[in-house]
Amino acid sequence: MHIRKKRPWEIPEREAVPEEVFLNRRQAIKKLGSWSVGAGALAIGADPLFGLLSSPRVFGLFEDAKPIIKIPETPTSHLYPAIRNERFVLGDRVLTDEELAAKYNNFYEFSANKDVYKHVGDMEPRPWQIEVTGLVEKPRTFDIDSLVKEMALEERLYRFRCVEAWAMAVPWTGFPMRDFVKKMRPLSSAKFIRMETFYKKSWSPGQRYRFWLPWPYQEGLTMAEATNELAFLATGIYGHELPNQHGAPIRLVVPWKYGFKNIKSIVRIDFTAEAPQTFWNTLVPNEYDFQANVDPRKPHPRWSQATERLLGVDKRVETRLYNGYEEFVAGLYA
Ligand SMILES: Nc1nc2c(c(=O)[nH]1)N[C@H]1C(S)=C(S)[C@@H](COP(=O)(O)O)O[C@H]1N2
Ligand SMILES: [Mo]
């Protein structure tokens, strides 16, 4: 095990701040909130005033007395942070600020704008089950915490590139999709893996009001892609469990593909013989194909993909083929 310096986002998790306390102390919080901006990553919960309260863990900046980052207290919380796998390094960029990543999301179930974090409050990441169906030896339903206990968690730093031409770099915690596929013993007839997000209108303004969209969100990979070393099922980010806006309690991370392939809040994993439908391909087939590999030479019909804007950085950088993961995945597409 490596001994390393504490990273800025590894601030100890602080205890809770129930909403009514915040509402009562709205003015004080506003002051603390602006003070926190100057203090960078320092958590508002670090104030001893708030240290007495408990669960769920909440930290970061506050807006209108609402936490931006809310971490559930769960039976597997003690497994975070996990040991970093040093094979995956960023190389050409630094990690994105945690709060920036938590405020600039795509999650159509909650919002079509970059204010997802304001609308995820009704979603409950526990209890949570993941149904594994289709062409496997033994279909099975996992409780999220038993699944996490069965897999070996690790941390990986990955670049991440949205099709909208912004990019970030974050530390994910989770396990290789390959390990999960092996555990399920797919039949030889299984050629694809289809994944599905929750369909629950009481949580999701998108599913209530944009009811004509092809819910639930679904995505897919070929079996070769799903068993590539890079394909990752993330249950955490920045050294703790995923907050809702990042796809709690489990989401896909395939860093050589555009962001929309990285399906969030998975409830079903289905092994299939045929290529599955996907949410974005169903909606706009000429703009979002099944493969969706990052490729600077292939423009989106409405914009160039040659460069990208790094969140929190004032300049654009050149987009790399397969988002810079050529050595891992080029063989898949030869
Ligand atoms: N269920 C679901 N998963 C989703 C999306 C979505 O709208 N719904 N958006 C995708 C897109 S377009 C991107 S860029 C990433 C964003 O992940 P992040 O918000 O954690 O950065 O989530 C992907 N996964
Ligand atoms: Mo995206």
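Below, each value reflects all heavy atoms present in this structure, side chains not excepted, and no hydrogens, waters or symmetry copies. Ligands are counted one by one from 1 in listed order, and the atoms in each one are counted from 1 as well.
- In this model, no donor atom of one side chain and acceptor atom of the other lie less than 3.5 Å apart for Asn323 and Lys257.
- Gln305 and Arg161 share a side-chain donor-acceptor pair at under 3.5 Å.
- By the 30° and 60° cut-offs, the orientation of the rings of Phe107 relative to Phe110 is perpendicular.
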List ligand 1's nitrogen or oxygen atoms that come under 3.5 Å of a protein nitrogen or oxygen, with the partner atom and distance.
{"from": "ligand 1", "atom 1": "1 (N)", "to": "Glu109", "atom 2": "OE2", "distance (Å)": "3.0"}
{"from": "ligand 1", "atom 1": "1 (N)", "to": "Thr197", "atom 2": "OG1", "distance (Å)": "2.9"}
{"from": "ligand 1", "atom 1": "3 (N)", "to": "Lys264", "atom 2": "N", "distance (Å)": "3.1"}
{"from": "ligand 1", "atom 1": "7 (O)", "to": "Tyr108", "atom 2": "N", "distance (Å)": "2.7"}
{"from": "ligand 1", "atom 1": "8 (N)", "to": "Glu109", "atom 2": "OE1", "distance (Å)": "2.8"}
{"from": "ligand 1", "atom 1": "9 (N)", "to": "Asn106", "atom 2": "O", "distance (Å)": "3.3"}
{"from": "ligand 1", "atom 1": "17 (O)", "to": "Arg251", "atom 2": "NH2", "distance (Å)": "3.2"}
{"from": "ligand 1", "atom 1": "17 (O)", "to": "Lys264", "atom 2": "NZ", "distance (Å)": "3.4"}
{"from": "ligand 1", "atom 1": "19 (O)", "to": "Asn105", "atom 2": "ND2", "distance (Å)": "2.8"}
{"from": "ligand 1", "atom 1": "19 (O)", "to": "Lys264", "atom 2": "NZ", "distance (Å)": "2.6"}
{"from": "ligand 1", "atom 1": "20 (O)", "to": "His246", "atom 2": "ND1", "distance (Å)": "2.8"}
{"from": "ligand 1", "atom 1": "20 (O)", "to": "Arg251", "atom 2": "NH1", "distance (Å)": "3.0"}
{"from": "ligand 1", "atom 1": "24 (N)", "to": "Asn262", "atom 2": "O", "distance (Å)": "2.9"}

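- Under the 6.0 Å cut-off for aromatic ring centres, Tyr158 and Phe88 qualify, their centroids lying closer than that.
- Expressed to the nearest 0.5 Å, how far CD of Glu154 lies from OG1 of Thr173 amounts to 9.5 Å.
- Ring planes of Phe192 and Phe290: perpendicular class, angle over 60° (limits at 30 and 60°).
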